[in-house]
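Working notes for the structure below.
Predicted model only: the values in this text are computed from it and were never measured.
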Amino acid sequence: GINAEYMGAGNQVGSRFWESVFAEHKLNKKGREKQESAEGANDGFDPCLHGDKIDVYFKEQNGRGPDHNREQKRKKRSGKWIPRAVMVDLEPGTLDVVTASAVGKAFKPDNFVFGNSGAGNNWAKGHYTEGAEIVEQAIDVVRKEAEGS
């Protein structure tokens with residue numbers, strides 16, 4: 001699945017969601033698999049335990065996503081995971097907060113879609129003018145992410 005986050009609150013809640021998913025899958029803040037702190041500590045990334053369903057939320061760096069053969073994944077792995085997320089806002093400021101977050105550097109920059117001015121808490125302005133201008137761009141980014149490109 002693709003996590004699509006929209007507007008200020010959605011992107012801020014989404015940022016916290018991703019921090020939890022990174023921790024759950026034993027990934028560091030850059031999306032790399034964590035190594036054990038000491039031999040036998042069992043606090044690092046274990047492909048059988050943490051990697052089983054990781055491709056639901058992440059795509060491995062070399063383009064291997066959820067539809068790729070699992071056996072081939074185990075043989076050739078980069079160890080770097082990129083969130084399958086698209087973040088949309090009418091103003092770039094909220095997305096700057098996301099990129100400055102603990103896991104912000106792991107996101108694919110092409111998956112951030114933003115306008116120039118914002119709607120100033122005016123629903124009609126966001127729906128009919130500023131928002132309408134970025135709808136096609138947002139749909140295109142979601143389509144590309146779904147296709148795995």
Side-chain angles (χ1 to χ4, degrees), residues 1-119 126 130-149:
I2 298 170
N3 187 31
E5 299 159 16
Y6 299 95
M7 306 309 167
N11 284 312
Q12 291 167 354
V13 169
S15 181
R16 299 301 172 260
F17 164 78
W18 281 107
E19 288 175 19
S20 298
V21 174
F22 271 69
E24 182 178 313
H25 287 285
K26 301 289 185 188
L27 300 176
N28 69 18
K29 294 174 183 178
K30 293 182 180 178
R32 292 228 169 257
E33 298 168 358
K34 286 185 180 179
Q35 302 299 315
E36 285 189 2
S37 58
E39 191 168 331
N42 292 330
D43 60 351
F45 182 86
D46 177 356
C48 295
L49 179 62
H50 304 108
D52 185 38
K53 301 290 183 200
I54 194 169
D55 54 9
V56 171
Y57 293 112
F58 297 92
K59 178 172 63 172
E60 198 163 13
Q61 183 168 347
N62 295 330
R64 295 189 295 272
D67 298 328
H68 198 22
N69 182 338
R70 286 188 184 273
E71 289 305 313
Q72 189 175 355
K73 258 191 204 180
R74 289 190 180 110
K75 290 178 187 172
K76 294 169 77 176
R77 300 180 55 248
S78 70
K80 169 113 172 76
W81 296 90
I82 301 164
R84 299 187 75 216
V86 175
M87 298 186 188
V88 181
D89 204 330
L90 294 178
E91 57 181 316
T94 307
L95 298 179
D96 290 343
V97 171
V98 173
T99 40
S101 73
V103 295
K105 300 295 183 219
F107 290 94
K108 189 173 161 185
D110 296 346
N111 287 4
F112 288 86
V113 180
F114 53 88
N116 295 325
S117 62
E130 275 77 4
E133 293 173 5
I134 65 169
V135 167
E136 290 300 319
Q137 182 184 1
I139 290 171
D140 191 44
V141 171
V142 170
R143 180 188 54 76
K144 286 179 182 176
E145 185 63 33
E147 291 173 353
S149 57

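Contact annotation: the side chain of K29 never approaches that of K105 to less than 4.5 Å [non-hydrogen atoms, C-beta and beyond].
The side chain to side chain contact (heavy atoms under 4.5 Å, CB included) test applied to V141 returns V86, N111, V113, not counting sequence neighbours. Residues forming a ring-ring contact (aromatic ring centres under 6.0 Å, His included) with F114 (at least two apart in sequence, or on another chain): none. Under the side chain to side chain contact (heavy atoms under 4.5 Å, CB included) criterion, K26 pairs with F45, H50, sequence neighbours left out. For the side chain to side chain contact (heavy atoms under 4.5 Å, CB included) test, residues two or more places apart in sequence or in another chain that qualify with D110 are K108. Qualifying side chain to side chain donor-acceptor pair (under 3.5 Å) partners for E133, counting only residues two or more places apart in sequence or in other chains: none. Remark: A23 engages no residue in a side chain to side chain contact (heavy atoms under 4.5 Å, CB included) (not counting sequence neighbours).
Side chain of K80 to backbone of A106: no donor-acceptor contact under 3.5 angstrom is found. Between the side chain of E91 and the main chain of G115, no donor-acceptor pair closer than 3.5 Å is present. D55 contributes no side-chain N or O that, together with a main-chain N or O of F58, makes up a donor-acceptor pair within less than 3.5 Å.
The distance from atom NZ of K53 to atom CD of E24, rounded to the nearest 0.5 Å, is 13.0 Å. Rounded to the nearest 0.5 Å, atoms CD (E33) and CG (L27) are 7.0 Å apart.
Within 6.0 Å of the CD atom in Q137, the count of heavy atoms belonging to other residues, nucleotides or ligands exceeds 12.
Under a 4.0 Å N-O distance rule, the pair K144/E147 does not qualify as a salt bridge.
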